[in-house]
Amino acid sequence: MAYWLMKSEPDCFSIDDLKAKKTAPWDGVRNYQVRNMFRDDMKPGDLAFFYHSSCEVPGIYGVMKIASVAYPDPTQFDPKADHYDPKSKKEEPRWLLVDVSFQRKLKHPITLAQMRDDRKLAHFRLLAPGNRLSVIPVGKEHWEHILSLE
DNA sequence: GCCAACGTTGGC
DNA sequence: GCCAACGTTGGC
């Protein structure tokens, strides 16, 4: 089983939104590296941190579970959707998503600032300069250490 | 295949 | 709102 960190802007979709829905499609990803991770590396049952980005206190707010294999993201075909991709064909979808299901909220968020200050997370990819991937693989040792901070 | 221009991400 | 990083696009 693998571990992940998945970023979302809480104004757009937050851990509370996922809690209310129980399971939701993680749609709107338009990055090939992430698409390939969805397709090749993510498996149902994997666990993922829910990370809030571009907000007052960026950090990890909860835990979710990958609930499906990768399948085509329907929003790419919807001209009204934010992430509509006119170049993607139904016969040959360019973008994929996975379903995620709510597991729990952390008792308090593990903030980005807190993780930056933690020497044990010196090599955590989230903290690497210039990192912009919205989905990041998390090593077991980092996963367990972050949970121990809760 | 190179690379400049442009767009997006995301912390601050 | 600014700006650095970096992915994508498209002309050549």
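Heavy atoms only: backbone and side chains are in, while hydrogens, waters and symmetry mates are out. Protein chains get the first letters and strands the later ones, always in sequence-line order, with residue 1 at the start of each.
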Do any pairs count as a salt bridge (Lys or Arg N to Asp or Glu O under 4.0 Å) and have a residue in residues 26-42 of chain A, sequence neighbours left out, and if so which ones? Arg30(A)-Asp73(A)

dist Met42(A):CE -> Met37(A):CE (nearest 0.5 Å) comes out at 7.5 Å

Measure up the Trp26(A) and Phe50(A) rings against each other and bin them: parallel (under 30°), tilted (30 to 60°), perpendicular (over 60°). perpendicular

Minimum heavy-atom separation for Val135(A) to Trp4(A), with atom names? CG1-CE3, 4.0 Å

Residues passing the side-chain hydrogen bond (donor to acceptor under 3.5 Å, both in side chains) test with Trp143(A), sequence neighbours excluded, are none

For Leu112(A) and Leu127(A), what are the C-alpha separation, side-chain angles and deciding distance, and is it a side-chain contact (heavy atoms from CB on, under 4.5 Å)? CA-CA 8 Å; Leu112(A) 178 62; Leu127(A) 309 177; 3.6 Å; yes

Using atom names, set out every protein N or O paired with an N or O of nucleotides 4-7 of chain B below 3.5 Å, distance rounded to 0.1 Å.
none

Nearest-0.5 Å distance that lies between atom CG in Leu147(A) and atom CZ in Phe49(A): 4.0 Å

List in chain and number order the residues that pass side-chain hydrogen bond (donor to acceptor under 3.5 Å, both in side chains) with Asn31(A), two or more places apart in sequence or in another chain; answer none if no residue qualifies. none

End-to-end axis angle, where each axis spans five pairs of the helix from dG1(B)-dC12(C) to dC12(B)-dG1(C), to 10°: 10°

Distances for protein N/O vs nucleotides 9-12 of chain C N/O pairs under 3.5 angstrom?
none

Going from CG on Asp85(A) to CZ on Arg94(A), what distance comes out if it is rounded to the nearest 0.5 angstrom? 4.5 Å

Is the Tyr71(A) to Trp95(A) ring centre distance short of 6.0 Å? no

